[in-house]
Each structure stands twice: as structure tokens, then as C-alpha cells.
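The structure appears below as C-alpha cells.
Scope of the values below: all heavy atoms of this structure, side chains included, with no hydrogens, waters or symmetry mates.
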Amino acid sequence: MSKLQSYAAGFIVGALAGSLAVLLSTPKSGKELRNDFSDVRIRLKTTANELKRDTIELKNNIVKLSAVGKETIKTIGSDLKTDVINWKEEVDPSIQTLKADIEALKAKAEQAAIEIRKTK
């Protein structure tokens, strides 16, 4: 039994027990007591129907939210993958240029170090 069903059953049983306790502890005639029982039964039936309707509506909303969430995650994941690929393609030439510049600077630094050693 799910938590929601347990809660609903507990609510209905509690409402019934409370109503029954109040009705039985009140001094009334048989006819008044029967009318009160009938009123309580009608209210409990109405409450149970409302609870059932609300539970179904909640379940449907959760299903819709889950479907929308899954679709959103798929879309975001696909868009993110595309964006990363595009970014890599845009940045790759710059990275290659930077690597070449670093190698050229390294060669110049090594040449400068050799020149400094010669002058000593």
C-alpha cells in the first residue's frame, strides 16, 4: 500500500471513529441519532470522493511533470553536447596557434640561454 493510500485510509478511519465517538456520547433520540449517522455517512462519502479525485489529479500531474522533465533533460543534454562540439571546433584553431606560439617562445628562450652561456 502506498503512503498516499495509507494516509487516505487513516484519514477516513479517523474521521469515522471521531464522528462515531461524538455521536454516541451525545444524548439524542434514536431518530436524531439516525439522522446524524446519515449526515456523517454523506459527509464521509463526499470527503472520500474528493480525496479520490484529488489523488487521481495529483497522480496525473506527477506523470505529466515526469514526462516534461524527461523531455527537458533530453533537450538540454542534446543542446549541451552540440554546444560543446561547436565550442571545441571554434577554439581548436586558437589552441593550435597558442601551442605554436609557445613552442616558438620556448625555442627563443633556449636560444637566449645558449647566447647567455656563450657570453660568460
N/O donor to acceptor pairs below 3.5 angstrom from side-chain atoms of residues 83-93, sequence neighbours left out:
residue, atom, partner, partner atom, Å
Asn86, ND2, Thr82, O, 3.4

Output side-chain donor-acceptor pairs under 3.5 Å for residues 101-112, partner residues at least two apart or in another chain, one line each.
residue, atom, partner, partner atom, Å
Gln111, NE2, Glu115, OE2, 3.2

| request: Check side chain to side chain contact (heavy atoms under 4.5 Å, CB included) between Ser66 and all other residues, then give those that pass, not counting sequence neighbours. | output: Lys70
| Once you round to the nearest 0.5 Å, how far does NZ of Lys74 lie from OG1 of Thr72? | 11.0 Å
Taking distance alone, no hydrogens or angles, what donor-acceptor pairs closer than 3.5 Å link side-chain atoms of residues 41-63 to residues at least two apart or in another chain?
residue, atom, partner, partner atom, Å
Thr46, OG1, Ile42, O, 2.9
Thr47, OG1, Arg43, O, 2.8
Asn49, ND2, Lys45, O, 3.3
Thr55, OG1, Leu51, O, 2.7
Asn60, ND2, Ile56, O, 3.4
Asn61, ND2, Glu57, O, 3.4

